[in-house]
Structure formats: C-alpha cells, structure tokens
Number of protein chains: 2
Amino acid sequence: MQEAEQLDRFFEICRQHNLKITPQRTSVYHALMSAENHPSADDIFQIVKHQYPNITFDTVNRTLMTFTQIGLLTIVESYRGSRRFDPNFEDHHHMHCLKCGRIVDFTSDEFDQLKAPKKLMQKFATVLSSRVIFNGICLECQNKTDKFYRNNKS
Amino acid sequence: MQEAEQLDRFFEICRQHNLKITPQRTSVYHALMSAENHPSADDIFQIVKHQYPNITFDTVNRTLMTFTQIGLLTIVESYRGSRRFDPNFEDHHHMHCLKCGRIVDFTSDEFDQLKAPKKLMQKFATVLSSRVIFNGICLECQNKTDKFYRNNKS
DNA sequence: TTGTATTTAAGAATTATTCTTATTTAATTG
DNA sequence: CAATTAAATAAGAATAATTCTTAAATACAA
Ligand SMILES: [Mn+2]
Ligand SMILES: [Mn+2]
Ligand SMILES: [Zn+2]
Ligand SMILES: [Zn+2]
C-alpha cells in the first residue's frame, strides 16, 4: 500500500467511527505503519516524540488501544513484558524467540486453512481468527547464555 | 496421574535440580496441579495462602518461575493482564476468549504434527514447540456488551 | 465563527513484577 | 542428634506497565 493510500484508509476508518483526525493520531498511525516488527506502545511513543515532543505515553497508548478497537491493528500474543501490537493484516503466523522475545512473521497457505475442531465449537460462540505459533531460539540468540521461558517439556 | 505419583515426580525433579523441598514449594506445586485452567501467580497465591497465611506473593511467583525453568510448567501466550501458567504437559492447543481472557485447552492430532516452513528455519536456530491458537468469544461472553481486544480484521 | 463533544497533557493511581536484605530452614555431615 | 552452611523465605522497597482523573485545548459540525 502506498503512503497516500494508507493515509486515506486511516481517514476513512476514523470517519466511519466518528473519531476526530488529530495530529497525534495521525502521527501514531504513521509510526505504526513504518514499524518493522511488533512494536510496544513505548516503541511508538519514542518515535512519535520526535515529531511531538509534548505528547504523553498515555495518549500514544490510548490511541493504539482505540486503533485496536476499530480494527486498524491487533494485539499480539506474547509470553512476557509489555503489550505489543501488530499492524500486519495479511494472513500470517508467528515465530517467538524465547530468549529475546522477538516475534517474526511468516506466511503459510496451509496454516491459514486450519479449522477449529467441532468439539471445541460447543464451548465457543464465535471464532474470529486463528494463528500458528512456533517457539524457539533465533540465530542472534543461539550463543547467548541467558535463560529462557520454557515452553515445552523438552 | 495419581496424587502420590505427582508428588514423587515433584520430589524427583527438585532433587535433579538441587532444589530444596520446602513446604512452600510443595504447596505451590499442589495448587498448580489442582488448578483448572491457566492460573496467574496471584491465583496460586490466593490458594496457597489458606495453608500458609504468611507466604508472600513474591515467594509464590518466584517458585512458579523456578518451576518454569526446570520444566514443571510453562508460561502461556496471552494478550493482556498478568502472566499465566500452564501445568498441562500433554500436547495441546488453545482457544482464547477475547472478552473474558479465558484460555481453553483442546487436543488435535492434526495440529500436533505441524512443521515449521523451511524458509523460517533460516532465521531460527532451534524450534522448541508449536501451538495453534484460536481467538473468539466464549458462550458465557456472547451476550456481554464488553468491548474486546480485536484480533483480526473481521 | 461559534458551540460543543472529543481529545489531549499532566500527574496521580493502580497493577504486575522484581529486587534487596536480614532471617530462617532444608539437608548434609560428623 | 547437633552443627554447619548454602539455599530459600518474608518483608518491604523499587521498578515497570498500564490506566484513571481532571482541566485545558481543539476538531469539526452547524
Ligand atoms: Mn505479526
Ligand atoms: Mn493449556
Ligand atoms: Zn532471540
Ligand atoms: Zn469469555
């Protein structure tokens, strides 16, 4: 998506939800769209502060939560630390590094097709999304001596 | 597993890791094994407090982290709130309710077999585990008006 | 341009987790 | 069984993450 297109999408969705288009919100949206991986509210705050030195963390965080409510991004599953956001709306899946906490996107047509077992559907009224996650150690971390949060029995 | 068996497993694993078998640790292990779903450290603390009114949250939490390190339990992926633990070591997968945060286990032979794409393996030195997660709304929550943390574009 | 509901900044409050230190204790050894 | 000692605990402080409260500012509809 082009930058202009992205901005139009942002304006459009704000209007649909009766959200005022403020410089702060626009700047948060910009920062999000240019964020590489899965930024925390503080990651976005640090970026936006360059443009708006007086902006508060609360405003950035509140804005991100608002964006989540209206479907401009999602909150990512994680094992620790602060909440992290995902601006990537392509179907995709995640690999978590249990040492550094990095979350890497990957795509898989096969995994996109997984269906919840019928048994499970007796306990849930609605299924909204699914994702496959792999846990492991990334290349950068393989030689670190840090302990990690164990996520299987091996 | 019988209760006596479970305790033996606990003693055995503690000994293997040179951990002293204290009443506090034993009580935390008990509480864990009888916990239904995916308890937080505070959930366990509330239970253990009945038996040991002087125990501190820190001791419970530290004990749970120690248990995680030695493979007696795992930390569960989540979208919010406090860290949650999983004493269930059977292969299984999760359904998350985005309104109440409940995490429900389910099994699937199919999902147990998923393999990470080769492309991905160029970025990761080791894969330790995998899991499929479904996000949705549970039966108890379907009539609530609470907002929820959105996790897909629909 | 004005009116108003929304949004923001600032700072306090709350919640979750970890650290520091003095005391206690489990487990080893004599 | 008693002495020894490294490990574990309780208590409280500190840190980290998030949310709340309120007064001032502002987007935007009329
Ligand atoms: Mn992602
Ligand atoms: Mn589970
Ligand atoms: Zn890593
Ligand atoms: Zn629910």
Side-chain angles (χ1 to χ4, degrees), chain A residues 7 10-29 31 38-46 48-49 51-70 72 75-85 101 146-149, chain B residues 7 10-29 31 38-46 48-49 51-70 72 75-85 101 146-149:
Chain A
L7 260 193
F10 170 63
F11 293 150
E12 171 66 16
I13 295 182
C14 282
R15 253 181 279 116
Q16 281 173 8
H17 292 85
N18 298 314
L19 294 182
K20 293 181 177 176
I21 295 163
T22 66
Q24 290 91 335
R25 277 187 181 147
T26 307
S27 182
V28 166
Y29 184 76
H38 298 88
S40 66
D42 191 65
D43 292 336
I44 301 296
F45 176 54
Q46 296 305 327
V48 171
K49 249 196 330 196
Q51 197 178 355
Y52 297 99
N54 292 326
I55 201 168
T56 60
F57 173 83
D58 184 56
T59 292
V60 172
N61 189 57
R62 190 169 16 78
T63 299
L64 289 166
M65 294 308 282
T66 303
F67 287 177
T68 301
Q69 293 293 341
I70 65 175
L72 276 177
I75 295 170
V76 180
E77 79 283 348
S78 79
Y79 293 107
R80 56 163 151 169
S82 47
R83 185 190 286 138
R84 291 170 66 177
F85 298 92
D146 310 32
K147 288 180 181 174
F148 58 88
Y149 290 158
Chain B
L7 260 192
F10 171 64
F11 292 151
E12 171 66 16
I13 295 181
C14 281
R15 253 181 279 113
Q16 282 174 7
H17 291 86
N18 299 312
L19 294 183
K20 293 182 177 174
I21 294 164
T22 67
Q24 291 91 336
R25 275 187 182 147
T26 307
S27 183
V28 166
Y29 184 75
H38 298 87
S40 66
D42 190 65
D43 292 336
I44 300 296
F45 176 53
Q46 296 306 327
V48 171
K49 249 195 334 195
Q51 196 178 355
Y52 297 100
N54 292 327
I55 201 169
T56 59
F57 173 83
D58 183 55
T59 292
V60 172
N61 188 58
R62 191 171 12 79
T63 300
L64 290 167
M65 294 308 282
T66 303
F67 287 178
T68 301
Q69 292 294 340
I70 66 176
L72 277 176
I75 295 170
V76 180
E77 80 282 348
S78 78
Y79 293 107
R80 56 162 155 171
S82 47
R83 186 192 285 138
R84 291 171 66 178
F85 299 92
D146 311 30
K147 289 181 180 176
F148 58 88
Y149 291 156

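Every chain is numbered from 1 and lettered A, B, ... according to where its sequence line falls, protein lines coming before strand lines. Only this structure's heavy atoms are used, side chains among them; waters, hydrogens and symmetry mates stay out.
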Within less than 4.0 Å of OP1 or OP2 of D:dT19, is there a side-chain N or O belonging to A:Asn61?
yes

Under 3.5 Å: donor-acceptor pair, side chain of A:Arg84, backbone of A:Pro39:
no

Is the phosphate of C:dT8, meaning OP1 or OP2, less than 4.0 Å from a side-chain N or O of A:Arg62?
yes

Counting only side-chain N and O atoms of A:Thr59, is one of them less than 4.0 Å from OP1 or OP2 of C:dA9?
yes

Indicate, with a heavy-atom threshold strictly under 4.0 Å, whether A:Asp58 touches base, sugar-phosphate, or nothing.
base

At under 4.0 Å between heavy atoms, what does B:Pro23 touch on the DNA or RNA strands: base, sugar-phosphate, or nothing?
sugar-phosphate

Kindly say if B:Arg83 contacts the phosphate of C:dA16, meaning a side-chain N or O under 4.0 Å from OP1 or OP2.
no

Taking 4.0 Å as the cut-off, does a side-chain nitrogen or oxygen of B:Gln24 come that near to OP1 or OP2 on D:dA10?
yes

Please determine, for the side chain of B:Lys20, which listed nucleotide (C:dA16, D:dT19, D:dA8) has the closest atom?
D:dA8

Quick note, B:Thr63 side chain, CB onward, closest among D:dT9, D:dC28, D:dA17 is D:dT9

Looking at A:Thr22, I'd like to know whether one of its side-chain N or O atoms comes within less than 4.0 Å of OP1 or OP2 on C:dT8.
yes

Determine: side-chain N/O of A:Arg25 to OP1/OP2 of C:dT7, distance under 4.0 Å, yes or no.
yes

